[in-house]
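Worksheet: the structure to be examined is printed underneath.
Source: prediction; values computed, not measured.
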Amino acid sequence: MRWQGGRQSSNVDDRRGVSGGQVAVGGGIIGVIALVLNFLLGGEVDTSQLPQLPGSGQTSSQPLSPEQAAADDERGQFVKTVLAYTEDVWNDVFQRSGQNYPEPTLVLFRDAVQSGCGNASAASGPFYCPADQKLYIDLSFYNDLQNRFGAPGDFAMAYVVAHEVGHHIQTLMGTSEKMARMRGQVSQEEYNAYSVKMELQADFLAGVWAHYMKGKSINGQPVLEEGDFEEALNAANAIGDDRLTKGRVSPESFTHGTSAQRMYWFKKGYQTGDINQGDTFNAQELN
Ligand SMILES: [Zn+2]
């Protein structure tokens, strides 16, 4: 993916300089507000909103070496550029249907963070919080994708960002709220089934975004490069529930969908670019 020299989003709250713990102690007011918010939301952190990744990465708070800091900085710039690409595409798509696209904020953090959905660590992996409409990313996930999940490549990471932005679209459409209302009203198994549909729709929306990236260029060169689509597809394959749990868990407890399903919906979005084809909730088959 070509990205250097591209616009970087300004909707970024960079908290990499402060650890989560420091924020909790030092940022008294912010801490209190977060607590109040949690209370209003039911008094507990809805960790089911956060992806659970097995064998989570180390959460050391050691300072980065100069090389690590340089790599981290470049990844930060990359993710900001991807976010800008998503803004360009979704602004267009929304405008075409006569609507405004309220852009989400990206929070970059290291190790731990406080969100409107509760406290999270890097081990949660990237997530989107509907309560504050922010994406939370610890850039160490970039390494995890490559080393733990076997999904290298910048477009693999771009797909992850686009998936979280997909959850933002779902929030704007009211789907996230419907999901939240369903919690407690249906059995855990049923809720998991809805969660899968929700996640697959976010994959579909990531695919729709990638579809529109086909027409974009930087300095006269196409943004998408040979192999980008495959990198994203490989990432979708790598983080399917069946792959991650290696058969140790029954399909009823899947919350994100199988590898095949995740690839299917990403690909469908990529090929059609048609937001109306992504109704995973009413689809006969999730494939
Ligand atoms: Zn998700």
Atom pair CG (Asp72) and CG (Leu108), whose distance is rounded to the nearest 0.5 Å: 8.5 Å
Qualifying residue for ring pair (Phe, Tyr, Trp, His ring centres under 6.0 Å) with Trp209, from Phe266, Tyr270, Phe155: Phe155
Asn192 vs Phe254 side-chain heavy atoms within contact, under 4.5 Å: no
Val89-Met173 co-clustered via ILVMFWY side chain contacts under 4.5 Å: yes
Donor-acceptor under 3.5 Å (Asp242 side chain, Ala260 main chain): no
Leu135 CG to Ile137 CD1 distance, which is reported to the nearest 0.5 Å: 5.5 Å
Verdict with supporting geometry, Phe149 and Asn234, side chain to side chain contact (heavy atoms under 4.5 Å, CB included): CA-CA 10 Å; Phe149 302 113; Asn234 182 44; over 6 Å; no
Within-4.5 Å side-chain heavy-atom neighbours: Met198 and Ser176: yes
Exceeds 12 heavy-atom contacts within 6.0 angstrom, atom OH of Tyr194: no
Side-chain heavy-atom pair Pro102, Leu172 within 4.5 angstrom cut-off: yes
Heavy-atom donor-acceptor pair, Gln133 side chain to Cys129 backbone, under 3.5 Å: no
Student check: side-chain heavy atoms of Phe281 and Thr175 closer than 4.5 Å: yes
Set of residues satisfying side chain to side chain contact (heavy atoms under 4.5 Å, CB included) with respect to Glu230, sequence neighbours excluded: none
CD (Glu177) with more than 12 external heavy atoms under 6.0 Å: no
Side chain to side chain donor-acceptor pair (under 3.5 Å), paired with Tyr128, selected from Lys134, His168, Glu164: His168
Donor-acceptor contact below 3.5 Å, side chain Thr280 vs main chain Lys197: yes
Validation row, ring centre Tyr159 to ring centre Trp265 under 6.0 Å: no
Stepwise side chain to side chain contact (heavy atoms under 4.5 Å, CB included) test for Gln271 and Lys268: CA-CA 5 Å; Gln271 285 172 343; Lys268 189 169 184 186; 5.8 Å; no
Spatial distance of atom OG (Ser115) from atom CZ (Phe109) [nearest 0.5 Å]: 9.0 Å
Test applied, side chain to side chain contact (heavy atoms under 4.5 Å, CB included); reference residue, Phe141; option that passes from Leu145, Leu139, Asp138: Leu145
Heavy atoms from other residues, nucleotides or ligands near NZ of Lys267 exceed 12 (cutoff 6.0 Å): no
Reported CG-to-NE2 distance for the pair Asp241 and His256, which is rounded to 0.5 angstrom: 7.0 Å
Side chain to side chain contact (heavy atoms under 4.5 Å, CB included) between Asn91 and Glu103, worked out: CA-CA 8 Å; Asn91 270 309; Glu103 298 168 348; 2.8 Å; yes
Heavy-atom pair of closest approach, residues Ser9 and Leu83: OG-CD2, 3.5 Å
Counterpart residues, side chain to side chain contact (heavy atoms under 4.5 Å, CB included), relative to Asp154 (two or more places apart): Met1, Trp3, Phe78, Tyr142, Asp228, Glu231
Shortest non-hydrogen contact between Ser259 and Asn237, atoms and distance: OG-O, 2.5 Å
Taking every non-hydrogen atom, the tightest pair across Asp279 and Gln201: CA-NE2, 4.2 Å
Val113 side chain near Asn119 side chain, heavy-atom distance below 4.5 Å: no
Check: Thr81 side chain, Gln77 main-chain N or O, donor-acceptor pair, under 3.5 Å: yes
Tyr212 to Gly273 - nearest heavy-atom pair and separation: OH-O, 3.0 Å
Set of side-chain hydrogen bond (donor to acceptor under 3.5 Å, both in side chains) partners for Gln68, sequence neighbours left out: Ser65
Side-chain touch Thr245/Ser253, heavy atoms, less than 4.5 angstrom: no
Any donor-acceptor N or O pair under 3.5 Å, side chains Thr255, Ser195: no
Test side chain to side chain donor-acceptor pair (under 3.5 Å) applied to Glu199 and His167, Gln261, Gln170, the passing residue: His167
Salt bridge (charged side-chain N to carboxylate O under 4.0 Å, His left out) between Arg7 and Asp88, worked out: CA-CA 10 Å; Arg7 179 176 77 84; Asp88 294 346; 3.0 Å; yes
Contacts of type salt bridge (Lys or Arg N to Asp or Glu O under 4.0 Å), residue Arg2, not counting sequence neighbours: Glu225
Whether Asn100 side chain and Gln95 backbone form a donor-acceptor pair below 3.5 Å: no
Derivation and outcome, salt bridge (charged side-chain N to carboxylate O under 4.0 Å, His left out), residues Arg75 and Asp73: CA-CA 5 Å; Arg75 276 158 195 185; Asp73 191 49; over 6 Å; no
Nearest-0.5 Å distance, CZ of residue Phe229 to CG of residue Leu233: 4.5 Å
Geometric class of the Tyr101/Trp90 ring pair [parallel <30°, tilted 30-60°, perpendicular >60°]: tilted
Point-to-point distance, once rounded to the nearest 0.5 Å, from CD1 of Ile239 to CZ of Arg148: 11.5 Å
Listed partners of Glu252 passing side chain to side chain contact (heavy atoms under 4.5 Å, CB included), at least two apart: Glu189, Ser250
Closest non-hydrogen atom pair between Arg16 and Arg110, with its separation: O-NH1, 3.3 Å
Expected output: side-chain Asp13 to main-chain Val107 donor-acceptor under 3.5 Å: no
Residues in side-chain hydrogen bond (donor to acceptor under 3.5 Å, both in side chains) contact with Gln8, at least two apart in sequence or another chain: none
Side chain proximity check, Lys246 to Arg243, heavy atoms < 4.5 angstrom: no
Exercise: identify the closest heavy-atom pair between Pro126 and Val160: CG-CG1, 3.7 Å
Ring pair (Phe, Tyr, Trp, His ring centres under 6.0 Å) evaluation trace for His163 with Phe204: CA-CA 8 Å; His163 171 97; Phe204 170 83; over 10 Å; no
